[in-house]
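Pasting a structure below so you can have a look.
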Amino acid sequence: MAVNEPLPGTSDLWEPEVLDWINLEKQARNIFSRYGYTELRTPIFERTDVFVRNLGNETDVVQKEMYTFQDRGGRSLTLRPEGTAGVMRAIANKGLEQGEEARVFYFGPMFRGERPAAGRRRQFHQVGVEAVGSDSPWMDAECIAMLVHFLAELGIHGSRVLLNTRGLPEDRQAISQALLDYFQPHSNALCEDCQRRLSTNVWRMLDCKNPACHEIALGAPQILSLMGEASRTFFAEVCAGLTELGVEYELAPRMVRGLDYYVHTVFEITHPGLGAQDALAGGGRYRISLPGDKRTFEGIGFAAGMERLLLARESLGLQSPPSNRTDTYIVSLGAPAIPVGLRLAGELRQAGLGGRVKADFSNRSLKAQMRSANREGASRVLILGEAELSQSSVICRNMTTSEQVTLPVGELKNWFLQA
RNA sequence: GUGGCUGUAGCUCAGUUGGUUAGAGCGUCUGGUUGUGGCCCAGAAGGUCGCCGGUUCGAGCCCGGUCAGUCACCCCA
């Protein structure tokens with residue numbers, strides 16, 4: 001039993017759920033390509049430093065969530081915990097001309113060694129986009145609007161767009177200091193995590209969920225007001241762009257996203273149908289430098305959790321109904337009929353007739369085979385028995401109307417073509 | 001990694017104060033006279049009660065451990 005179960009946090013995916021996944025991928029390609037994005041597929045494992053370097057060594061993802069192993073040559077490799085790093089590596093490898101933009105989307109499995117919960121898996125799937133090479137705030141607005149468009153196309157209503165800015169790196173020092181000056185006096189009242197954050201990551205204290213910390217964080221200085229002119233102008237233009245595109249959003253001045261590489265815009269989309277992990281998607285503007293490359297790449301991107309998108313759809317009653325497995329079912333009565341049914345099935349498929357064709361090789365009674373045909377939802381049944389074999393004919397039964405006729409094999413095509 | 005809840009047939013679940021061969025519904029299979037599905041009827045198959053150990057004359061029921069699921073925390077998609 002247990003040996004056949006998938007590992008914790010992983011799962012087998014059967015129809016009809018698979019149909020929802022196919023549809024999700026189709027919609028992603030459909031929408032993102034309208035914005036000029038092209039699909040990129042990168043390996044699901046990379047050299048470990050690709051991730052450590054990009055995500056930041058102090059992040060939780062790097063510290064305790066990566067699936068890292070050594071290959072035979074002793075190199076440290078890691079199953080990708082997110083998509084951006086690999087995409088950036090691929091772009092750097094291909095090369096980006098000065099002034100050239102890369103706009104790509106991707107989807108696929110990601111791996112994080114976390115404890116599974118609602119909407120959280122160890123192997124999960126993300127659909128994401130990256131627009132690299134533009135430093136324009138209008139690009140941020142368009143990117144967020146594209147995500148909102150995508151959600152609408154999936155029928156996901158009721159989500160919220162939360163928006164904030166982290167400003168430019170040169171503003172960070174002053175802001176961190178101001179936050180530190182504010183939180184330090186309260187240190188005794190803070191939770192364990194936040195006491196540690198005082199020295200590691202003061203920003204993160206702003207969105208601590210601990211009630212006591214949250215209370216204190218409410219009185220913290222507004223980071224936006226501490227930023228320089230350039231940062232504030234950038235943010236204002238992102239907001240203006242969203243308004244221009246008719247995207248509704250909420251300012252979330254205390255939202256701080258986990259990864260170190262963000263500059264300026266950060267955003268998150270939440271949905272009430274998800275449970276405790278209510279983030280449907282998240283992203284922001286980033287600057288990334290790669291090992292062996294002197295350049296810094298700036299871009300804007302997001303990743304959406306595919307499981308969560310599906311959960312949100314489910315909470316709105318939008319999952320695919322179970323589908324029939326068979327359109328045409330071929331019943332063979334008696335051992336001599338079985339190879340004839342086999343051949344007939346092959347001919348139908350080659351001719352593109354009868355949709356999903358399944359032949360029954362079980363040599364069971366007619367009744368038993370008819371029951372199977374019915375259970376599988378077949379709309380047409382072809383019956384081959386002794387009498388039919390001797391005269392090269394076949395009984396053609398319409399399962400919806402229960403009408404049937406005996407036809408020479410040569411006339412089957414016409415029968416299939418009529419409704 | 002930490003905590004709460006759960007773990008009985010393919011599925012959904014019953015199993016009384018621990019006491020003889022562990023039950024139901026659905027599903028599956030077979031049959032209801034010569035070769036015809038869905039409805040109905042009859043019969044059958046299917047379970048080491050997650051696993052290991054303990055308490056007991058005796059445990060699906062009690063205790064401990066373990067594994068798995070689930071939800072929550074940390075964090076994130």
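Letters A, B, ... mirror the listed sequences (proteins, then strands); counts begin at 1.
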request  = With RNA chain B as reference, determine whether Pro8(A) or Cys208(A) sits nearer its 5' end, using the nearest nucleotide of each.
outcome  =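 Closer to the 5' end of RNA chain B: Pro8(A).
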request  = Decide, yes or no, whether a salt bridge links Glu46(A) with Arg80(A) under the criterion of side-chain N to carboxylate O below 4.0 Å.
outcome  =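 Answer for the salt bridge query: no.
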request  = Select base, sugar-phosphate, or nothing to describe what Glu388(A) touches, counting heavy atoms under 4.0 Å on all strands.
outcome  =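 Base, at least one base atom sits under 4.0 Å.
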ask   = If the P atom of C40(B) is compared with that of A59(B), how far apart are they to the nearest Å?
value =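 To the nearest whole Å, 42 Å.
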Base U2(B) to side chain Arg115(A), donor-acceptor N/O within 3.5 Å cut-off = yes
task = State whether the distance check finds a donor on one side and an acceptor on the other, under 3.5 Å, for side chain Ser402(A) versus base G38(B).
result =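 Answer yes: a donor N or O sits under 3.5 Å from an acceptor.
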message = In whole Å, measure the gap between the C1' atoms of G27(B) and A44(B) for me.
response =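 One C1' to the other, the span is 14 Å.
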task = Using the C1' atom on both, measure C52(B) against C67(B) and round to a whole Å.
result =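 Roughly 10 Å separates the two C1' atoms.
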ask   = Roughly how far apart, to the nearest Å, are A72(B) and G25(B) at atom P?
value =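 My reading of the P atoms in A72(B) and G25(B) gives 36 Å.
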message = Salt bridge or not between Arg356(A) and Glu376(A)? Use side-chain N to carboxylate O under 4.0 Å.
response = no
ask   = Under 4.0 angstrom, heavy atoms only, what part of the nucleic acid is Arg397(A) near: base, sugar-phosphate, or nothing?
value =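 Arg397(A): base contact, heavy atoms under 4.0 Å.
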task = Kindly assign one of parallel, tilted or perpendicular to the pair Phe302(A) and Phe267(A), based on the angle between their ring planes and the thresholds 30° and 60°.
result = perpendicular
Sugar-phosphate, base or nothing in reach of Glu307(A), heavy atoms under 4.0 Å = nothing
ask   = Has the side chain of Arg112(A) got a donor or acceptor atom sitting under 3.5 Å from an opposite partner on the base of A77(B)?
value = yes
query = Roughly how far apart, to the nearest Å, are G1(B) and U16(B) at atom C1'?
reply = 41 Å
message = Would you measure the distance from the C1' atom in A22(B) across to the matching atom in C49(B) and give it in whole Å?
response =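 Going atom to atom, C1' in each nucleotide, I get 8 Å.
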query = Are Asp71(A) and Arg75(A) close enough for a salt bridge, meaning some N to O gap below 4.0 Å?
reply = yes
query = Testing Tyr106(A), Phe32(A), Phe105(A) for side-chain contact (heavy atoms from CB on, under 4.5 Å) with Val127(A), which one passes?
reply =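 That would be Phe32(A).
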query = Who pairs with Arg364(A) by side-chain hydrogen bond (donor to acceptor under 3.5 Å, both in side chains), at least two apart in sequence or on another chain?
reply = Asp360(A), Ser362(A), Ser372(A)
inquiry  = With rounding to the closest Å, how many angstrom separate the P atoms on G60(B) and A9(B)?
reply    = 15 Å
query = Does Gln369(A) make a side-chain donor-acceptor contact with the base of U36(B), cut-off 3.5 Å?
reply = no
Atom P, compared across C29(B) and G10(B): separation rounded to whole Å = 15 Å
inquiry  = Let me spell it out: for each of Ala303(A) and Ala117(A), pick the nucleotide of RNA chain B with the closest heavy atom. Which residue's pick is nearer the 5' end?
reply    =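 Its nearest nucleotide lies further toward 5', so the answer is Ala117(A).
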request  = Check if the side chain of Arg308(A) and the base of C76(B) share a donor-acceptor pair of N or O atoms closer than 3.5 Å.
outcome  =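 Per atom types, the contact qualifies.
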inquiry  = Applying ring pair (Phe, Tyr, Trp, His ring centres under 6.0 Å) as the test, list every pair that has at least one member in residues 113-149 of chain A; sequence neighbours left out.
reply    = Trp21(A)-His125(A), Tyr35(A)-His149(A)
message = For Watson-Crick and G-U wobble pairs within 3.5 Å on both distances, what is RNA chain B written in dot-bracket notation, | included for inter-strand pairing?
response = (((((((..((((.....[...)))).(((((.......))))).....(((((..]....))))))))))))....
task = Say whether Tyr286(A) and Glu130(A), considering side chains only, have a donor N or O and an acceptor N or O under 3.5 Å apart.
result =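 Glu130(A) and Tyr286(A) do have a side-chain donor-acceptor pair below 3.5 Å.
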